[in-house]
Amino acid sequence: MKPMIEMQQVSKHYEGAQAVHALRDVSFSVAAGEMVAILGPSGSGKSTLMNLLGCLDTPSAGRYRLDGQAVERLGEKELSRVRNRTIGFVFQSFHLLPHLTARENVELPLLYRGVGETARRRLAQESLRRVGLQDRMDHRPAQLSGGQQQRVAIARAMAGEPPLLLADEPTGNLDTAAGRDIMRLLTELNQSGHTVVIITHDPRIGAACPRRVTIEDGRLREG
Ligand SMILES: Nc1ncnc2c1ncn2[C@@H]1O[C@H](COP(=O)(O)OP(=O)(O)O)[C@@H](O)[C@H]1O
Ligand SMILES: [Mg+2]
């Protein structure tokens with residue numbers, strides 16, 4: 001399998017009155033088609049790692065290849081291009097725009113990418129169908145349950161067919177049943193070929209993934 005994520009000895013320091021070593025010598029590889037949970041307590045470095053994996057920030061030291069491309073030295077513009085092409089993001093709090101319908105929310109990133117109206121609508125409808133929301137396309141977020149809102153967010157993340165889905169606490173705002181439902185959906189997406197990386201402090205989410213790594217005090221280990 002070709003590697004999707006290859007981090008070698010990545011460190012991240014935050015400067016300031018007190019320098020913080022948020023990540024120390026992290027080496028982490030994920031093959032294309034894998035599904036992995038990154039576990040760790042609060043303050044362990046999960047969000048820092050998520051920001052680096054997602055090309056939202058760059059490491060202080062070390063190397064990172066994403067889908068075959070070295071990204072540790074790229075500037076903001078190039079990073080955003082890599083990000084748009086490679087990664088679908090899912091967040092704990094859905095990040096849907098309240099005044100837009102489900103379909104319009106899913107269409108928005110396609111609009112930013114310059115996809116024309118007809119193709120945009122078709123891709124958004126296909127993506128919403130894939131997450132089981134074919135009969136909710138014209139609903140606004142407030143008219144949907146939390147689990148349904150997260151499905152819209154997943155449809156939005158996947159509409160441009162990015163190879164990697166990066167989810168930060170995707171079930172953190174959901175009750176147990178809705179959380180299980182979202183994990184089933186992420187597993188289905190993984191089985192259809194997408195690489196899925198889930199960041200969570202919830203051991204139950206970890207248990208639902210075929211591979212787990214744990215981060216503690218900025219250091220990463222398997223298991
Ligand atoms: N922008 C920042 N500036 C300074 N310190 C930070 C910043 N972001 C995070 N940290 C520190 O880095 C460590 C890891 O934080 P974080 O990655 O947010 O952990 P987690 O997501 O696991 O809770 C913590 O000690 C936190 O206080
Ligand atoms: Mg965090």
| task | Report yes or no: do Ser11 and His13 form a side-chain donor-acceptor pair below 3.5 Å? | result | no
| said: According to side-chain contact (heavy atoms from CB on, under 4.5 Å), who are the partners of Ala178, at least two apart in sequence or on a separate chain? | reply: Leu174, Asp175
| said: If the condition is side-chain contact (heavy atoms from CB on, under 4.5 Å), which residues does Glu188 pass it with, not counting sequence neighbours? | reply: Leu185
For [X] and [Y], work out which heavy atoms get closest and say how close.
{"X": "Ser60", "Y": "Lys12", "result": "OG-CA, 3.4 Å"}
{"X": "Pro98", "Y": "Pro141", "result": "O-CD, 3.6 Å"}
{"X": "Leu66", "Y": "Leu53", "result": "CD2-O, 4.3 Å"}
{"X": "Leu56", "Y": "Phe89", "result": "CD1-CE2, 3.9 Å"}
{"X": "Leu128", "Y": "Ala155", "result": "CD2-CB, 3.9 Å"}
{"X": "Val71", "Y": "Cys55", "result": "CG2-SG, 4.2 Å"}

With no hydrogens and no angle check, is any side-chain donor or acceptor of [X] less than 3.5 Å from a backbone partner on [Y]?
{"X": "Gln149", "Y": "Phe94", "result": "no"}
{"X": "Ser127", "Y": "Leu123", "result": "no"}
{"X": "Thr200", "Y": "Asp202", "result": "yes"}
{"X": "Lys46", "Y": "Gly40", "result": "yes"}

| field | Atom NE2 of His201 with >12 non-hydrogen neighbours under 6.0 angstrom | value | no
| Quick one: which of Thr48, Leu52, Leu49 gives a side chain to side chain contact (heavy atoms under 4.5 Å, CB included) with Asp57? | Leu52
| said: Strictly by salt bridge (charged side-chain N to carboxylate O under 4.0 Å, His left out), give each pair with a member in residues 144-169 just once, sequence neighbours left out. | reply: Arg130-Glu161, Arg151-Asp181
| Sequence neighbours excluded, every pair satisfying salt bridge (charged side-chain N to carboxylate O under 4.0 Å, His left out) that has a member inside residues 78-90 | Glu76-Arg83
Report, one line per pair, each donor and acceptor closer than 3.5 Å where one atom sits in a side chain of residues 29-39; sequence neighbours left out.
| unit_1 | atom_1 | unit_2 | atom_2 | d |
| --- | --- | --- | --- | --- |
| Glu34 | OE1 | Ala31 | N | 2.8 |
| Glu34 | OE1 | Arg211 | NH1 | 3.1 |
| Glu34 | OE2 | Arg211 | NH1 | 3.3 |

| field | Trace of the salt bridge (charged side-chain N to carboxylate O under 4.0 Å, His left out) decision for Asp217 with Arg219 | value | CA-CA 6 Å; Asp217 225 358; Arg219 296 180 200 278; over 6 Å; no
Show me the donor-acceptor pairs within less than 3.5 Å that the side chains of residues 102-111 make with the rest of the protein, sequence neighbours left out.
| unit_1 | atom_1 | unit_2 | atom_2 | d |
| --- | --- | --- | --- | --- |
| Arg103 | NH1 | Glu107 | OE2 | 2.6 |
| Glu104 | OE1 | Thr101 | N | 2.9 |
| Glu104 | OE1 | Thr101 | OG1 | 3.4 |
| Asn105 | OD1 | Leu97 | N | 2.8 |
| Asn105 | ND2 | Leu97 | O | 3.1 |
| Asn105 | ND2 | Leu100 | O | 3.2 |
| Asn105 | ND2 | Thr101 | O | 3.2 |
| Glu107 | OE1 | Arg120 | NE | 3.3 |

| Are His95 and Val90 close enough that some pair of their side-chain heavy atoms sits under 4.5 Å apart? | no
